[in-house]
Every structure is written in C-alpha cells, then in structure tokens.
Trainee: 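Structure below; questions to follow.
The figures here come from the full heavy-atom set of this structure, side chains too, leaving out hydrogens, waters and symmetry mates. Below, chain A is the first sequence line, B the second, and so on; all start at residue 1.
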Amino acid sequence: MSSENGKRLLETDAGGLNFEATELTLGLPGEPRVTSDGGAKLGSKRGFSETVDLKLGDNNREVKLGHSLQEAAKSPVSKTQVVGWPPVRGFAKRGKKSCKYVKVAVDGAPYLRKVDLEIYNSYQQLLTSLEDMFSCFTIRNYLNEKKIEQVNGIEYMPTYEDKDGDWMLVGDVPWQMFVESCKRLRLMKSSEAVGLGLTTGPKYSSTN
Amino acid sequence: MNYFPDEVVEHVFDFITSHKDRNSVSLVCKSWYKIERYSRQRVFIGNCYSITPQRLIARFPGLKSLTLKGKPHFADFNLVPHDWGGFVDPWIKALAKSRIGLEELRLKRMVVSDDSLELLSKSFPNFKSLVLVSCDGFTTDGVAAIAANCRFLRELDLQENEVEDHRGHWLSCFPESCTSLVSLNFACLKGEINLASLERLVARSPNLKSLRLNRVVPLDTLQKLLMRAPQLVDLGIGSYVDDPSSEVFSKLKAVIQLCNSIRSLSGFLEVAPCCMSAIYPICENLTFLNLSYAPGLQGNDLTKLVQHCRKLQRLWILDCIGDKGLGVVASTCKELQELRVFPSDPFDAGNAAVTEEGLVLISAGCPKLNSLLYFCHQMTNAALITVAKNCTNFIRFRLCILDPVKADPVTNQPLDEGFGAIVRSNKSLKRLSLSGLLTDQVFLYIGMYAKKLEMLSIAFAGDSNKGMLYVLNGCKKLRKLEIRDCPFGDVALLEDMGKYETMRSLWMSSCEVTLGACKILAKKMSSLNVEIINESEQLEFSLDDRLLVDKMYLYRTLVGHRKDKPEYVLLL
C-alpha cells in the first residue's frame, strides 16, 4: 500500500532524491517533501546562488541582477526567498497536495511518529500504512474485519483527537471530514477499550 | 450632424457591443455621445481608481452590467500588500443609492466585504449575475446573503477567491422558489456544504448549465447531481475518489454516459487515478479541459485521458504530463488554441517535467495555437525560433522559465534571439511575458516588431535604461507594463512622460527608479497617480530624492488622488 502511495507523489520519479536523507526524517518511507522553508535538498542539484554565479561575467557582459536576486543569492537556501517567484498564482495549491501531519502515538511504544493524512484517500490506506509503520502491532480493522498477521497478539483500536479535543473512534465519519478534524492519532490497546463497550465497528460506507 | 432620428442611431448602436467600439462611437460628436451614453448597458472599468462611481452613474443611467478591476496584476504573486486598496464598497454604496438597475457585477482583484455583498443583494431587485475573480475580504456569510436575497439569480461564479469559510449553510440559503440558476461555481470554497441542499438546488434548476463543485463534494453526490442535471455543459468535479469496484462508481459511469452536453471539464480537486477511465466517454466532446488543480495524476494518467480528447480547444494541465505527454497532445488535439502548463513543483529542477522539447512538439502539431502559458525549467533559442516558424497566430505568449536569468543551456547565450523570433513572426501578439537570461537586445526586438502589444511582463531582464526605452518608444499600443527586478531607472522613466497617459498603468518594483524621479513625474503629469509602496519600517519617507523606490505603481486617472490609501502608500 505504501508503495502505491509512493507512486501518487509527484516527486518520486527519480528526481535527485536522496533516500538516505529521508530515512533520517519521521516521514513515511519514500516520501520526501519540499519543506516550508524551501530548504535545499541534501546532496542534490546546485544551490541557487551557484546557478546565479554561472551567469555572471560571461563574455564580459555584465549581467545586472535585480535586487531581489542579489538578496537571494546571498543565502543558499534561497529559492523561496525571491518574493513572488515563480509568478504562478496559488502554486502551492496546484499539483502538490497540502500536507497535514499528525502525531501518532501507540500505547506502549517509546516514541511517536508523524503521518501526513493528506496522502491517503481512505481509512483503509491509512490503517495499512500505520500497520507498516508499527509493524509489530495489529490494528483492528473495521472495514472488512480482516485479521492481519499478529506478531505479539496485541490488538489496537485506532482513535483520534478531534478539533473539540474529544477522543473519537476512527472510521465513523467520511474520510475527508476525518482529515479535516483530526489533530492526532492514538492507537489504543483493545483491552482498554473493551470495558468502554467500543468493540463493535462503525457502519462504514464503501465510498470512503 | 445626424441624418437620422436619434432612435434610428440608437438602434444602430445596439449592434455595437464591444467596449472599444462604443467608446469610439461616443467620441464622434456631442449628439452621438448623448445617444450612446443613454443606451449603454455594459461598462468595463479596468482600473477602479481611474474614475469614481458617481461619475459612472451620472454618465450611464441605463447601466445594467459593471466590470471592475482593482489591484495590479502582480498582486497575484504577493507583491502588493494585502490592504493596498481596490475596495468595492464605495461602488456598491453609490450604486445602491442611485436609480441604477444593476443586474450584473464582475469584479477582479478587489476587496469585497460581507456588508457589501449584503447591500448588493438587497438593493437591486433584478440582480442576476455575480462573478468574483481573485477577490478577498469576504466570508461565506456574504455568499449566503446573495443566495438568500437575489430572487432571480442566474449566475454565482466564484473563481480563485480567498473566502473565509464559515461552513455550510450558505447553500441552504437559496430559497425553494429559486429556480433560475444557470451557473454555480463554488470550487474555491474550502468548507463543508450541505450536500442534501445542493442536490435539491440542482434538482430545481432546470436551466443549470455550469456547475463547479468544491473539494468536499464526494463522488457519490456527484453521481446524484449528474442524474439530476444531465444537461450540464460545464462541469467542475470536486472530490473524485472511490473504489472502482464499488456500486456508486458503476452508477457514476452509467450516468456520465448520459451527459453528452458536457464540453468543459475541470476540478478534480481530489482524485484517484484509477477512477479516470469513467471520464473517457465524455472526452470526445470536450473543448476545454482543466486538470491544473488535480493532485496526484501522473504523466501517463494525463496522457491516457488526453488521447480521447480530439476536439480539445483549450487545455490547462500540470507539467507532470511531460514532454512525451505534450507530444501526445500535439498529435491528438489538432483543434488546440490555448495551452497552459503549470508547474507542479516550482523549486525542484531535478524533476524537469517539461522542457523546450514539449513546446516544440506542440507548435508543430497544433496549427491553431494562439495562446500559451508555459512554465518550464529550461528553454533554448533554437526551440523558440522553431516555435516562431511553426506558429504565427499567437495573441498571448507567456513563457516562464522557473529559474530566473537562466540562459540557453545549449549555447549559454541569452534568450534574446528566441523571443525576437517570436515577436517578429507573430504580428498579432497582444500579450507577452518574458523570462530567462535577457539583455537589452530583446527589448530592441520587441520595440521593433511587437506593434500590437498591449501587455508586457518583465522580470530580471535587461542591462540598462535602453531596454525600457525601446519598449516605450516602439510599442504604440502598450497599455500595461509591469517590471520587476530590472536595471531600469530614472532616465527611462522620465524620457516620455506623456506616454503613460496612453496606458492604463505601469508597475516597477526593485528597479533603479529614485524617489526624486517619481516626484518629477507626478508633478508634471496631473493626470497620473504615482504611488510609492513602501513597506519597510521607515515610516517617514526620508525625503531623500536619491532613495531607490522599492515599488512604484502609476496609472492614469480622471479623478486625482484616491482617498482610501493605506499609510505605507505615498501618493506624490
């Protein structure tokens, strides 16, 4: 599933990606992103200032750079610092999906992970991806009640904290609504949930 | 000097519809001026600060349709501070007070408030059409007022606006009695809507021809809407995600086959590539396809789709289609007139999705091409020269090489010759945007050959004042000139001050123009407003005339300084 997610991302066609670099991040495997500060990708193409330098002094022609470029050329992490370039309205909305990273906590795990909900289109994809991430656990999957291979026999219920601060069971509302309202995820041990009478799944339509 | 009674002249004027022609007609003589002004119903104002609403109302008492534009074009790229101006409120207030029977209002790059929208909705009983493009300042409450109060509303078209979304209920504000909708576009709204209300609204709108949904409208609602409105001509899909084996998806496939009037398709704000095949049956008839907002469609998804679109006239697409994909477009879409290729990742040159090759293929395969917007990572002179040979009908040619000042990668030369070839062979060119490494030479060519040019956008180009002067002297039809980060200064600005009276506006930012020169210009030309936008903390414009001006925007006006300027704008 996650490799299918990988295909959906525009940046994964070769593209100078440095996979060693991504392993250092907390993102999902195979999922690089342009960070919001426009950070230069590790070890990839020439930084902007170097590109600019190539243009100067060619054939004694003095290329005068506009002020914005001169400013930008001073720092290597600079492409986004040229205000208003490229001249495309709302470019952040085109092609690139917006990203919504939420923390994922698993009862009993020593550290949390983060996932970008925007890259999934359905609960199925999310849950499968979480299982890959926390591969020693089984996540209770209401969609088709299939039992995934368990390693240590502990089952988890996916829950999330919504905008109002309430803890909800994953799967009740349409996917898009969930993405908008989810602030963080917690995989709760099923044994804890039993006493709360929450062991039956939501009525879940197949459209999302 | 009339050989005919006024009624006859007026009847003849009924056939003259273009703004330019009507403007010319009104200049012939006093009598024609009078007849024309009483019979004029549609007015276009390209700069809302060039005239006041009071004068508009006084001259055209029969006004029914008004188009207004506010902020300069570079506002689209965050170069204009948010509250610079372009407020529609005074216009709506003045019109509401008058006896004007406004029916249509079209705004671009203006600041619109909820109060304005409410006043608009309550003041004009025959109001039919509201089109807002790239506006901001309002919320869905304002939209709700329009829905609730405009009893004969035909068109509500929201394109690319920044709207604060208060969630959902605006759509339910259309009364049950509202059955007149022809066009509804809310694709830019981000929030939830009441899907049941939407279905009922579409069901009671038999004249609905254009429907563009937002991202939260899921595929199963789409299917239900299409069942109700198979007569649609223009469809914007919201969310297009489902399991292809689901029952809903089969229903959708079936209903799409019935929608054989659809000629224009856009949206796909959320999309699963595996669902795209359902669209193929309507592709045959499409004349406009806009996939530029569709995330996650790869090159071959796009190519497979385009292969079915033989009648396409306009295509807006992301650069992940690739040069190969553009080759498929070139061999399939022989009727293509307009192509826009947008960047999917403007900062990652490693994923160079389209290059000069794609453009050359298009130029060779699409003989009717007349309008281009092309974002690419590189371009060569040879390619541009080939394009110029293949295409001589360009009206709009906008090329954006994502790395500014990038030279021809093969020869390391500037792109002067390439653009020169374009202007030389496309004698009808009205709009041009330049990019890449460019010297004064390209401007020499533009001044020499681009005789019909009306709008020119320049960034990071040129060597000296000569560049700008070539353009100002040579392009007789120039109306809008916008320049950023070029070494053009006072000498160029002041050489021919009268020229600016023949133009709508001039924008210069991060150039080499001094405060002193702007003052001279403002003093000499009372018909111009010269605005200095200074956002830095120096609130006192340290009145050193040698200060380089960061942003200057000047425009011709009949009404002098505007009264609504923010603090950081200095009006000279």
Trainee: Measuring only between side-chain heavy atoms, which start at C-beta, is A/Pro174 closer than 4.5 Å to B/Pro218?
Mentor: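 Of all side-chain heavy-atom pairs linking B/Pro218 with A/Pro174, none is under 4.5 Å.
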
Trainee: Counting only non-hydrogen atoms closer than 4.5 Å, does B/Ser134 touch chain A with its backbone (N, CA, C, O), its side chain (CB onward), both, or neither?
Mentor: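 B/Ser134 touches chain A through backbone and side-chain heavy atoms alike.
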
Trainee: Can you name the side chain to side chain donor-acceptor pair (under 3.5 Å) partners of B/Ser433, sequence neighbours left out?
Mentor: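 Side chain to side chain donor-acceptor pair (under 3.5 Å) check on B/Ser433 returns nothing, list empty.
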
Trainee: Which answer fits B/Leu291, side chain, backbone, both or neither, if we ask what part of it has an atom under 4.5 Å from a heavy atom of chain A?
Mentor: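 Neither; nothing under 4.5 Å.
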
Trainee: Could you report the tightest heavy-atom contact between A/Pro87 and B/Phe375, atom names first, then the distance?
Mentor: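 Nearest pair, atom of A/Pro87 first, then B/Phe375: O-CZ, 3.5 Å.
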
Trainee: Please confirm whether the backbone N or O of B/Leu402 pairs with a side-chain atom of A/Trp85, one donor and one acceptor, at under 3.5 Å?
Mentor: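 Here the side-chain-to-backbone pair exists.
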
Trainee: How would you list, by chain and number, every residue that makes a salt bridge (Lys or Arg N to Asp or Glu O under 4.0 Å) with A/Glu180, sequence neighbours excluded?
Mentor: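 Applying salt bridge (Lys or Arg N to Asp or Glu O under 4.0 Å) to A/Glu180 gives B/Arg167.
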
Trainee: Just so I know, are the side chains of B/Pro343 and A/Val88 near enough to count as touching, which here means a heavy-atom distance under 4.5 Å?
Mentor: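 Contact flag for B/Pro343/A/Val88 side chains = yes.
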
